[in-house]
Structures are given as structure tokens and as C-alpha cells.
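What follows is a set of notes on a single structure, which appears directly below.
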Amino acid sequence: MTASVYSIRELLAGKAELQSQVTIQGWIRTRRDSKAGLSFLQVSDGSCFATLQVVADNQLANYADEVLHMTSGCAVECHGTLVESQGRGQSMEIQASSVKPIGWVENPDTYPVQPKRHTFEFLREVAHLRPRTNTFGAITRVRHVAAQAVHRYFHEQGYYWINTPLITASDAEGAGQLFRVSTLDQLNLPRTDSGAIDYSKDFFGQETFLTVSGQLNVEAYCLAMSKVYTFGPTFRAENSNTTRHLAEFWMIEPEIAFADLDDLVTLAEDFLKYIFRAVLQECPDDMAFFAQRIEPQAIQRLETLIEQPFQRVDYTEAVDILQKSGKKFDFKPEWGIDLQTEHERFLTEQHFNAPVVVVNYPDEIKAFYMRLNDQQDGEPGRTVAAMDVLAPGIGEIIGGSQREERLDVLTSRMQAHDIDLEQYSWYLDLRRYGTVPHAGFGLGFERLVSYITGMANIRDAIPYPRVPGNAGF
RNA sequence: UCCCCGGUAGCUCAGUUGGUUAGAGCGGGUGACUGUUAAUCACUAGGUCCGCGGUUCGAGUCCGUGCCGGGGAGCCA
């Protein structure tokens with residue numbers, strides 16, 4: 001690389017003077033040949049949404065032999081004078097003094113990424129090439145900016161990023177399917193006297209899995225560092241075939257000490273708004289593209305959401321709203337059963353037409369570690385201090401709760417959930433030694449990216465989606 | 001896991017009640033064209049109609065089955 005090499009983003013930002021000599025390196029999107037021996041190369045380098053036009057004329061030594069054969073996907077290094085564009089459609093362009101092929105496209109007739117509209121289904125089959133499209137370039141930049149904003153937000157607010165283990169011996173919630181981690185010879189498994197697989201012979205000397213949540217581990221750090229979060233890969237072996245589930249996804253889990261459910265909802269709202277603001281500010285071109293081609297409301301709904309306070313509603317009240325809505329649901333809304341997708345959609349997309357935070361769910365349908373509420377008037381049963389943030393079009397984007405900090409209550413809840421107290425003795429220790437009220441939530445990063453970009457399928461919100469039956473690439 | 005829908009050229013799709021040699025646009029190649037913007041125009045190459053089995057004189061088309069993809073539901077983030 002020489003000193004005059006610029007990214008397209010830098011050039012468009014005015015980092016180089018007009019009339020100066022510059023070099024760009026990138027991949028050709030399209031080539032248009034014009035009258036009088038002149039070719040226009042639309043070059044992309046991923047640095048921003050825009051491409052840069054390189055004008056190559058037939059005075060170039062390799063014009064006929066090489067330039068005229070450059071197709072979509074060719075890697076090139078273009079050197080020349082940065083000039084104000086003589087044509088319409090772009091402010092500046094490079095009048096090339098050399099267009100050097102770096103990597104040719106072997107079979108242009110079968111190169112999958114063509115300058116045309118592709119279905120997302122097809123692009124998933126060429127996941128290694130889809131970042132070369134407008135859409136996936138934009139998703140990639142937005143995902144990056146959102147991830148940076150996550151860390152920046154927490155850092156600015158005094159949170160510590162805790163790297164909780166990916167390999168774990170415990171199922172964090174006593175539910176959900178886990179991926180086994182094992183080095184045992186599958187064709188020759190060691191057995192105990194009773195015939196069971198002898199995991200004491202396995203790598204860790206016990207049964208191990210990929211984590212489904214860093215929550216329990218991060219709670220320990222919360223009860224020392226006060227404000228903490230995790231942001232890392234998470235694995236669920238559930239056979240979910242939907243537009244909003246992945247077997248491998250990235251989850252953000254803040255955990256705050258000396259805090260209750262209200263504090264948590266406030267955090268969720270402030271946090272989401274910060275991320276949305278950052279993306280709107282830092283990715284205006286990408287967001288404009290999503291609004292134009294993917295989801296017309298993409299920008300507007302983020303702006304509205306940033307301005308409006310989140311709607312908060314008790315589960316009990318939500319059920320009441322659903323029952324009085326007069327709408328016919330496939331599943332009748334009833335206190336004590338979880339909200340169905342159709343119920344969530346009604347609340348977010350019709351009744352409130354905004355993200356909705358539902359709080360205080362029935363004890364029976366939630367996890368053991370959620371804090372038991374005192375029973376209120378009008379409630380048919382006990383509730384826990386849980387909260388879900390429901391977003392229009394996506395459904396549950398955040399799920400969280402205040403944690404049960406009282407040792408006796410937690411112990412009895414664990415027993416009711418048939419959880420082995422021995423295995424969780426360290427977790428119970430946290431309630432024995434300096435316990436405090438604390439709360440946290442989990443946010444699926446890909447669901448966030450889906451919501452921001454308007455991409456309808458979560459498999460398009462992560463570079464290489466892992467789903468049942470498919471771990472390609 | 002359950003319920004629907006789909007699989008035809010590199011891509012996006014059309015293909016009638018089963019009937020001759022399966023088509024179009026884009027992309028590719030060749031050529032034309034006074035700086036183009038998904039450039040335009042002409043010519044051209046390109047097919048295991050997802051696999052297997054069946055019905056039929058005859059199957060891209062009908063039936064069975066398998067595989068793959070999509071949408072919805074459940075589980076959840």
C-alpha cells in the first residue's frame with residue numbers, strides 16, 4: 001500500500017484534494033462501456049454504501065486486452081486523478097491513469113453476484129459472496145456500528161464487559177436444548193457399570209455443553225462490580241424454524257446491582273434508544289437504502305421510537321386489553337398462559353402501535369431465578385418481576401427480570417422447578433454473602449439488527465447463520 | 001416438531017385440460033454506439049425441468065416418496 005491509497009469513504013468525505021493523484025482498491029460492481037472508447041467502472045470497497053466511478057479510456061495500455069474484459073466481482077487497483085464528475089449521478093470520480101487487475105473472475109457467466117436483484121434465499125446459498133451486494137454490505141456496516149454502540153454505551157455508563165464462559169456444565173434455566181461439548185470417541189463411548197455414558201472420562205471430567213446464557217455467571221460479577229454486561233455468542237439446540245431464531249446468535253446481557261424491575265425497564269429503554277440514535281447518525285446512507293428498498297418505515301420508526309416513551313403494561317392488564325379487544329384470536333387470551341405471537345402482534349402493531357414493555361408475568365410460566373412479587377389486588381395468581389420488550393414485526397426483542405435475591409425464596413423456587421441445588425451451590429452463595437436486589441435482561445443482537453434494518457429474516461442479520469439442518473460455510 | 005407453499009438456464013421467472021424442437025428478462029460472449037448511471041441496440045452460447053419410483057402411447061405438467069428452500073405455529077433472545 002502506498003500513501004495515496006484511500007478508501008472510497010475517505011475520498012467522498014473530502015480527505016483528498018480534487019486534482020490530486022489517488023489510488024483505490026476494490027471490487028467492480030458494474031462496467032459500462034461508452035461511445036468513443038471509454039469505460040465506466042463502478043468500484044466498491046465496503047468502506048461505505050456508495051461506489052466510486054472510475055473512468056478508463058482507451059489510451060490505457062491494457063484497455064482492449066484487460067479493461068474491456070473486467071466484469072462484476074473483479075478486484076482492481078485504480079490509480080488516477082480525483083476530479084469533479086463530468087457526468088450526473090456522482091460528485092467525484094477518478095480519471096484513471098492505470099486500472100490494474102488484481103484478481104479476475106474466473107467464470108463471469110456463472111459468478112453468482114450480478115448487478116441485479118437477487119432473492120435473499122439465493123444469497124444465503126452463497127453466504128461467502130453476499131457481502132459484495134448492496135444489502136449485505138449495508139447490514140454488515142450497521143451490525144458493526146450497533147455493536148460498537150453497545151460497548152460504547154455501557155462503557156460510558158460505567159459498566160464492565162464480562163466474558164462469561166461458552167462451555168458450561170449447567171443448563172442456565174433448566175430448560176432449552178443444549179449442544180453437547182465432548183471429545184469422547186462417538187464410536188466407542190466409555191460406559192459406567194449401569195451402562196450410562198461415563199462422562200467422567202470426558203475432557204472436563206463431566207458432562208458439558210455450549211452456553212445458552214451467561215446470566216448466572218454474570219450475576220456473580222454484578223454482585224461485586226455493580227454494573228456489568230456480557231456480549232458474546234450463545235447457543236440453543238432448539239429445533240426452531242422461524243425467521244427470528246438462530247442456533248448460534250449473539251446476546252447482550254446487562255446485569256445491575258441495587259436495582260429493581262423499574263430500573264431495568266428504564267435501562268432497556270435508554271439503551272435501545274442510544275443504539276438506534278447511533279445507527280441513524282453513523283449509517284445514514286445504509287439506513288436510507290433500507291428505507292428505500294427493504295422497509296419503507298425503517299428510519300421513521302426508529303426516529304419515532306427514540307422520541308416516544310416506551311409503553312409499559314402489566315401482564316394482567318395486557319390480558320385484559322386482549323380479552324376486551326373483541327378480536328378473535330386462535331388462542332384465547334387467558335391469565336396464566338404466556339402471550340402468543342398473535343397476542344404480542346396485536347399489542348405492538350395494533351393497540352399501542354409502538355414497542356411495548358410487558359411486566360409482571362405469572363410465576364408459573366417463568367424461570368426460577370425471577371423475583372417473586374407480592375400478590376396484588378385483581379391478580380388471579382402470583383407473579384414474578386419479569387419483563388419483555390416487544391417490538392412491532394419482531395416480537396420479543398428483550399427478555400429480563402429482577403432476580404430473586406432472597407435465599408429462602410430462591411431455594412424453594414428451585415426445588416419447585418426440580419433443580420439440583422448442589423450444582424447451583426455457587427449461585428446460592430451469592431444470596432448468602434452480601435445479597436442485594438439486582439436485575440438484568442437478555443437482548444438478541446440479531447433481532448436488534450433485524451429490527452433496525454427491516455430485514456425480515458434473522459438469517460440475514462448474521463454473516464453465517466446456523467440453523468437446524470444447515471451449518472454451511 | 002407440526003401445518004401450508006415451492007424446486008424449470010448463472011440469477012429472476014413463464015410454461016394452457018398431459019401432446020411436436022421447453023421460452024423471456026437480466027447476467028456471460030461477440031460486435032455497434034460522441035461521458036455512461038440497472039446505459040442502449042444487434043447477434044450468440046447456455047437446460048440431468050431437484051433425486052428416485054409409478055400412471056400413461058406420451059410427464060416440466062398427474063400420483064407416491066426422499067432431499068432442499070420459504071412462510072406460519074410452538075420454544076425463545
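A, B, ... follow the sequence lines: proteins, then strands. Residue 1 opens every chain.
The list of side chain to side chain donor-acceptor pair (under 3.5 Å) pairs with a residue in residues 114-125 of chain A, not counting sequence neighbours, reads A:R124-A:D460.
For A:T243, the listed nucleotide lying nearest its side chain is B:G71; candidates were B:C76, B:G71, B:G69. Closest to the side chain of A:H69, from the set B:U30, B:U1, B:A77, is B:U30. When each of B:A77, B:U37, B:G74 is scored by its nearest atom to the side-chain atoms of A:R32, the top-ranked nucleotide is B:U37. The side chain of A:T30 approaches B:A39 more closely than any other nucleotide in the set B:C76, B:A39, B:U36. The A:T71 side chain lies nearest to B:G29 when the options are B:G29, B:U1, B:A77. Here the nucleotide nearest the side chain of A:S85, chosen from B:U36, B:A77, B:A39, is B:U36.
At a cut-off of 3.5 angstrom, the base of B:U36 holds at least one donor-acceptor pair with the side chain of A:Q90. Applying the 3.5 Å distance criterion, the base of B:C75 shares a donor-acceptor pair with the side chain of A:S240.
A:D388 and A:Y315 share no donor-acceptor pair across their side chains, judged by distance under 3.5 Å alone.
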So which protein N/O to nucleotides 5-12 of chain B N/O distances come out below 3.5 Å?
unit_1	atom_1	unit_2	atom_2	d
B:G10	N2	A:Q114	OE1	2.6
B:G10	N2	A:Q114	NE2	3.4
B:G10	N3	A:Q114	NE2	3.1
B:C11	O2'	A:K116	NZ	3.3
B:C11	O2'	A:H118	ND1	3.0
B:C11	O2	A:K116	NZ	2.4
B:U12	OP1	A:T119	OG1	2.8
B:U12	O4'	A:K116	NZ	3.4

Where do N or O atoms of nucleotides 44-47 of chain B meet protein N or O atoms at under 3.5 Å, pair by pair?
none

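B:A77 has no base stacking with the ring of A:F445 when judged by centroids under 5.5 angstrom apart and an interplanar angle below 30°.
Within 4.0 Å (heavy atoms only), A:E248 reaches no atom of the nucleic acid at all.
Taking the six-membered ring wherever Trp is involved, the centroid distance between the rings of A:F271 and A:F154 falls below 6.0 Å. Taking the six-membered ring for Trp, A:Y229 and A:H151 have ring centres closer than 6.0 Å. No close placement of the A:H343 and A:F331 rings is indicated, their centers lying 6.0 Å or farther apart.
Rounded to whole angstrom, the span from the CG atom of A:N457 across to the P atom of B:G69 amounts to 12 Å. Remark: C1' of B:C75 and CZ of A:R447 are 10 Å apart, rounded to the nearest angstrom. Taking atom CG of A:D33 as the reference point, atom C1' of B:U30 lies 13 Å away to the nearest angstrom.
One P atom belongs to B:U55, the other to B:G60, and the distance between them is 16 Å to the nearest Å. Comparing B:A38 with B:C50, their C1' atoms are spaced 31 Å from each other, to the whole Å. Taking atom P on both nucleotides, B:C11 is separated from B:G69 by 16 Å, rounded to a whole Å. Nucleotides B:U65 and B:G72 place their P atoms 26 Å apart, quoted to the nearest Å.
In this model, the phosphate group of B:G74 is not approached by any side-chain N or O of A:N241 to a distance below 4.0 Å at OP1 or OP2. One finds a side-chain N or O of A:R124 lying less than 4.0 angstrom from the OP1 or OP2 phosphate oxygen of B:G70. Between A:T242 and the phosphate of B:C76, there is no side-chain N or O to OP1/OP2 separation shorter than 4.0 Å.
In this structure, A:R152 places its CZ atom where more than 12 heavy-atom neighbours from other residues, nucleotides or ligands lie under 6.0 Å away.
The cationic atom of A:R301 (NZ for Lys, CZ for Arg) lies less than 6.0 Å from the six-membered ring centre of A:Y451 and within 45° of the ring axis.
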